[in-house]
Structures are given as C-alpha cells and as structure tokens.
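One structure is given below, encoded as structure tokens.
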Amino acid sequence: MEDKQEKSQEEMAKEADSSNIQSEEEELQEEAGGQEPQEAGEEDDREEEGEERREEAGAEEEGGTDGKKLFGRKNKKDKKDEKIEELTDRLTRQMAEFDNFRKRTDKEKSQMYEVGAKDVIEKILPVIDDFERGFGTVEEEDRNDSFVQGMEMVYKKLMAALENIGVKPIEAVGQEFDPDFHNAVMHVEDESFGENIVAEELQKGYTYRGAVVRYSMVKVAN
C-alpha cells in the first residue's frame with residue numbers, strides 16, 4: 001500500500017512538473033507571438049515616419065524657396081553690403097565737398113589775384129599819365145632827340161606789357177557817353193558833336209579784363 005501511495009505521489013509530481021513546463025512553453029510562445037506583430041508594427045511606423053520626414057523636408061525646401069521669393073529674403077542686405085554702401089556714400093559726399101572747396105578756393109584765389117593786379121595797375125597808371133603829359137610838351141623839332149626817342153621806347157614797352165595782361169584804354173572822344181565807362185566832369189555847348197557825345201578826354205580811363213580800373217574823365221557835349 002505504501003508503495004502505491006509513493007508511486008501515485010511521484011506521478012502526480014511529474015504531471016505537475018509537465019503541466020508547469022507546458023504552461024511555461026505556452027507563455028513563451030504567446031510572448032513570442034505577441035512580439036512579432038509588435039516588431040512588425042514598429043517597422044511600419046518607422047517607415048511611415050521616414051516618409052513623413054522626407055515629405056516635410058521637401059516641403060521645407062519648397063517653402064524656403066517660395067518664402068525667399070515671397071518675402072524677399074534675397075533682397076535682404078548683408079551687414080557687409082550695408083557697410084560698403086555707407087562708406088561709399090560717405091566717400092561720395094566727401095569728394096563732392098572737396099570739389100566744392102577746390103572750386104571755391106580757386107575762385108577766391110582768382111578774385112585775390114584780380115584785386116592785387118588792379119591795385120598794381122592803378123599805381124602804374126599815374127606813371128603812364130606823366131609819360132603822356134611829357135610827350136605833349138615836346139616840340140615837333142625835338143622829336144628826333146635821342147632822349148625823347150628813348151622815353152618813347154620805354155613808354156611803348158610799358159603799354160605793351162599792360163596790354164598783354166589784359167589792360168586796355170577806354171575809348172572816349174567821339175563816343176556816346178556811357179556811365180559804365182565815362183565820368184562826366186564838364187558839359188560844353190558844341191554843335192560839331194551830337195548830343196550826349198564825349199567832346200574831350202581830360203584823363204584816360206583803363207579796363208582790366210573787361211572791368212573798369214579807372215573811369216575816363218571827359219567833357220560831354222549837350
């Protein structure tokens with residue numbers, strides 16, 4: 001009896017062990033079967049995500065080009081370009097200012113030269129007046145005198161030098177009175193001259209480059 005009981009107990013233990021093993025195998029199979037569809041689903045999800053990312057990347061590239069065209073990103077100036085434009089503009093303004101300064105300086109120099117030249121000419125004119133008055137007192141028979149001829153040569157050279165720098169005598173006698181060139185100090189009744197005509201020149205006037213240095217002092221016929 002005891003042997004039968006021991007055998008039945010051993011058989012029950014074996015059956016329990018086998019059932020445990022079967023249950024474990026079933027659990028393992030179930031887990032393996034559950035993992036395979038899960039891994040397949042993960043691969044599908046990964047492929048879908050890759051496609052979505054590629055589509056998004058393509059959309060971003062297209063959107064970038066379209067955005068540049070729409071929003072004008074190509075026209076956006078770089079800091080270097082802005083600095084170059086700023087320096088170019090500054091250089092242009094400085095060159096214009098320098099050009100204006102140069103022109104203004106040249107004009108001032110020219111005016112100073114003309115003022116200085118007029119001042120020198122005004123001081124020379126009395127010497128010319130003395131020459132002319134001296135020649136007026138020389139008798140006709142003394143014209144061939146060497147001293148008189150020498151003074152005439154000096155006078156002619158002086159007048160030629162003044163003419164070369166732009167000094168010219170003002171025409172007066174027989175010309176209509178012009179207040180821009182003539183200074184009337186006397187009026188005379190003379191039928192041989194027309195009305196308002198210069199009858200006599202008392203002191204010769206001169207111009208320097210078209211500007212009056214000294215007005216002609218004249219008599220005007222009524």
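Along the sequence shown, residues carry numbers from 1.
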Inter-residue atom distance [X].[atom1] - [Y].[atom2], 0.5 Å rounding:
X: Lys156; Y: Met151; atom1: NZ; atom2: CE; value: 13.5 Å
X: Arg209; Y: Lys118; atom1: CZ; atom2: NZ; value: 10.5 Å
X: Met217; Y: Met186; atom1: CE; atom2: CE; value: 11.5 Å
X: Asp180; Y: Ile170; atom1: CG; atom2: CD1; value: 10.0 Å
X: Lys79; Y: Ile84; atom1: NZ; atom2: CD1; value: 14.5 Å

Query raised in the report: Got a sec, which residues hit side-chain hydrogen bond (donor to acceptor under 3.5 Å, both in side chains) with Glu163, two or more places apart in sequence or on another chain?
Result: none

Mind checking whether [X] and [Y] sit in one hydrophobic cluster, side chains of I, L, V, M, F, W, Y counted as touching below 4.5 Å?
X: Phe101; Y: Leu91; value: no
X: Leu162; Y: Val154; value: yes
X: Phe135; Y: Phe147; value: yes
X: Tyr208; Y: Met159; value: yes
X: Phe181; Y: Leu202; value: no

Report task. Would you mind reporting whether Val167 and Val213 have side-chain heavy atoms less than 4.5 Å apart? Result ->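 No. Closest side-chain heavy atoms not under 4.5 Å.
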
Report task. Flag the pair Glu132 / Ile128 as yes when at least one side-chain heavy-atom distance between them is below 4.5 Å, and no otherwise. Result ->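 Side-chain contact under 4.5 Å: yes.
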
Query raised in the report: Picking from Glu200, Glu201, Glu189, what satisfies salt bridge (Lys or Arg N to Asp or Glu O under 4.0 Å) with Lys219?
Result: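 With Lys219 as partner, salt bridge (Lys or Arg N to Asp or Glu O under 4.0 Å) holds for just one option, Glu200.
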
Query raised in the report: Is the Tyr155 ring parallel, tilted or perpendicular to the Phe131 ring (thresholds 30°, 60°)?
Result: tilted

Return the minimal non-hydrogen interatomic distance between [X] and [Y], and the atom names on each side.
X: Asp142; Y: Val148; answer: O-CG2, 3.6 Å
X: His182; Y: Val218; answer: CB-CG2, 4.0 Å
X: Pro169; Y: Tyr206; answer: CA-CD2, 3.6 Å
X: Val220; Y: Ala184; answer: CG2-CB, 3.6 Å
X: Phe193; Y: Ala221; answer: CB-CB, 3.8 Å
X: Gly205; Y: Ser216; answer: N-OG, 3.1 Å

Basic-acidic side-chain contact under 4.0 Å: [X], [Y]:
X: Lys103; Y: Asp106; value: no
X: Arg143; Y: Glu152; value: yes
X: Arg90; Y: Glu86; value: yes
X: Asp129; Y: Arg214; value: yes

Does a sphere of radius 6.0 Å around [atom1] in [X] hold more than 12 heavy atoms from other residues, nucleotides or ligands, not counting ones at 6.0 Å or beyond?
X: Gln149; atom1: CD; result: yes
X: Tyr215; atom1: OH; result: no
X: Glu171; atom1: CD; result: no

Query raised in the report: Which of these, Asp119, Ile124, Leu125, sits in a side-chain contact (heavy atoms from CB on, under 4.5 Å) with Ile121?
Result: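 By the side-chain contact (heavy atoms from CB on, under 4.5 Å) criterion, Ile121 pairs with just one of Asp119, Ile124, Leu125: Leu125.
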
Query - Check: Ala96 main-chain N/O paired with Asn100 side-chain donor or acceptor under 3.5 Å - result: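 It does hold such a pair.
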
